[in-house]
Amino acid sequence: MPERVLMKGNEALAEAAIRAGCLHFFGYPITPQNEVNAYMSKRMPKLGGVYLQAESEVAAINMIYGASAAGIRALTSSSSPGISLKTEGISYMCGADLPGLILNIQRGGPGLGTIQPSQADYFQSTKAPGHGDLHIMVFAPSTVQEMADTVFKAFDLSDEYRVPAMILIDGILGQMMEPVAFPDHIAAPAAKPWATCGTKGKRGRNVINSLYLVANELEEKVRERFERYAEIEAKHSEAEEYFAEDADILLVAYGASSRVVKNAVSAARKQGIKAGMLRPVTLWPFPKQQLMAAAKNAKSLLVVEMSMGQMVEDVRLVVKDKPVEFFGRTGGVIPSPAEVLEQIEKLCGGAK
Amino acid sequence: MEKVIVVTGHYGSGKTNLSLNLALLARESGENVTLCDLDIVNPYFRTADFKEIAREKGIKLLASDYANSSLDIPSLSGGLEPAINGGGRVIIDVGGDDTGAVALGRYAESIRQNPYTMLYVINKYRYLMEAPTDAARLLAEIEKTSRLTVTHIANCSNLGAETAAGDVIKSLAYAEEVSKLSGKPVLFTAVDKRIAGELTGFGDVFSVGVYVKPPWDK
């Protein structure tokens, strides 16, 4: 096993991107994701890569568009308000079938909000990361090790399907330190015969574009793209179970919330309450089949988020025949395991 | 250690946890203790998080009025200068790297007028610091930026909550190597009190509580 080192979540994301062959980073500072920029600014010049602090988030996402069009693996990173600025560029990337990785280290919102951790960008990431008929892949790791591992996976799937990918975490996962080991062997990125990197006089020209002059042609293109989305949904929906099998009460949480819920579930089990958890690993595609299977024997569900309740809507779309309750803290406040345990006890009619 | 203790080191090396432990130890022996959060870099996981425990133990905590608010600006507390010259125990938790040491330079003149101990905290397991030469180079950069002299090395090598005694033992040779390269003696190896017992006979071990941890483990 490779040597483990201690890293901040944000640093691990940046280092994993470099190891995944991404030598082009375009960003703009915002707390709590600044370590990504700081790390890239130190490392990229030593590796012969590009670190560019753009004049704005809008510029940075369009630099990713350009790099990606040229067939290059590129990364941009921001936190909630900055991601809002990137949505136009994300839509253009989707419209032009460009891969690329976007990190969202969420903070409290709306508006400038706070610099504390939040999960209130679930709707934005999974439902409308830009205008138009589109999806991006959204991954929600919950440990520093998983964050690093997800970077490789996200880049690879993004290249394979020509769909942008986002890693959606929050300030606390970005800022905390945990041991991490990087893989020894890294697969080479997929070939990109569509890239606009010069014909060398040997092939016809490639065109990267999201503008259509004829409505029927765009409809056809969007339909083709949705077939790819369906394939991603069928093959790459992912979730992790924690004591879910015999759970009377099934909690559903992702990212940092799932760390809180894990401790609450363990505490509930000690009291004899059969609690369990399903942790969506991909948020789009949402792991519908896994949730349905995990919820089969549960009497009720409790969704915990650092928001006023967003993913809970997707849970209710899947689980229609059981009560689906919600508990959340928002604005940058992290729920405590004790608070979640209290909710579990309430739903079970008190400690057993 | 002298009355004024300055804690510097690599970003994420364990300065904040060590500073808090030093403050608690000094307070237990009845000293008048001021703990100062001089971090101008980090928005999360900083000394200002320990307001409660400081109040409970009677430690004076100095932090920017804006620490842990959303006003993410590098402001400093006005109380440090008088504390340094006040004759009591002062522990200064400096922000990481030479960047964090910029703020320390502001107080260099006052600190130099008092006897001081300046610790350089090292962690073998911090990424990009695994080579002793990297740790020694950063030490020199911090001295240059802060215009102060490191007196000792504090070995705080750890892998977070998963640290085993064997990990700490492996770090001893690393600490010696950094010491040899920099010419600074190793004052102690700080070890989580849950595993410190396993390190008996391994030199100067400072058994510490772990206070810096994710919110769900509190």
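Chain naming here is simple, since letters A, B, ... match the order of the sequence lines and numbering starts at 1 in each.
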Novice: Could you tell me whether A:E146 and A:R279 make a salt bridge, using a distance below 4.0 angstrom between a side-chain N and a carboxylate O?
Specialist: yes

Novice: Measure distances from A:T114 to the heavy atoms of chain B and classify the residue's part below 4.5 Å as side chain, backbone, both or neither.
Specialist: both

Novice: With a 4.5 angstrom heavy-atom cut-off, which part of A:I172 approaches chain B: side chain, backbone, both or neither?
Specialist: both

Novice: Do the charged groups of B:R137 and B:D134 touch, with an N to O distance under 4.0 Å?
Specialist: yes

Novice: For A:Y51 and A:F25, take the angle between the two ring planes, folded into 0 to 90°, and tell me which bin it lands in: parallel under 30, tilted 30 to 60, perpendicular over 60.
Specialist: parallel

Novice: Are B:Y11 and A:E35 linked by a side-chain donor-acceptor pair shorter than 3.5 Å?
Specialist: yes

Novice: Side chains of B:V33 and B:K60: closer than 4.5 Å at any heavy-atom pair?
Specialist: no

Novice: In plain terms, say whether B:E141 and B:K144 are close enough for a salt bridge, that is, a side-chain N and a carboxylate O under 4.0 Å apart.
Specialist: no

Novice: Against chain B, label A:M176 side chain, backbone, both or neither, depending on which of its atoms sit under 4.5 Å from a heavy atom there.
Specialist: both

Novice: Is chain A contacted by the side chain of B:N158, its backbone, both, or neither, given a heavy-atom distance below 4.5 Å?
Specialist: both

Novice: Using heavy-atom distances under 4.5 Å, tell me whether A:L173 contacts chain B through its side chain, its backbone, both, or neither.
Specialist: side chain

Novice: Indicate whether any N or O donor in one side chain lies under 3.5 Å from an N or O acceptor in the other, for B:Y107 and B:E81.
Specialist: no

Novice: Using heavy-atom distances under 4.5 Å, tell me whether A:A12 contacts chain B through its side chain, its backbone, both, or neither.
Specialist: neither

Novice: Using non-hydrogen atoms only, which part of A:P335 is less than 4.5 Å away from chain B: side chain, backbone, both, or neither?
Specialist: neither

Novice: Distance alone, cut at 3.5 Å: any donor-acceptor contact between the side chains of A:D121 and A:S80?
Specialist: yes

Novice: Taking every non-hydrogen pair under 4.5 Å, which of A:A264, A:G174, A:P117, A:S336 racks up the most with chain B?
Specialist: A:P117

Novice: Quick one: of A:E178, A:R107, A:K42, A:E11, who has the most non-hydrogen atom pairs under 4.5 Å with chain B?
Specialist: A:E11

Novice: As an exercise: rank A:M7, A:K262, A:R43 by heavy-atom pairs under 4.5 Å with chain B and give me the winner.
Specialist: A:M7

Novice: With a 4.5 angstrom heavy-atom cut-off, is it the side chain or the backbone of B:Y127 that approaches chain A, or both, or neither?
Specialist: both

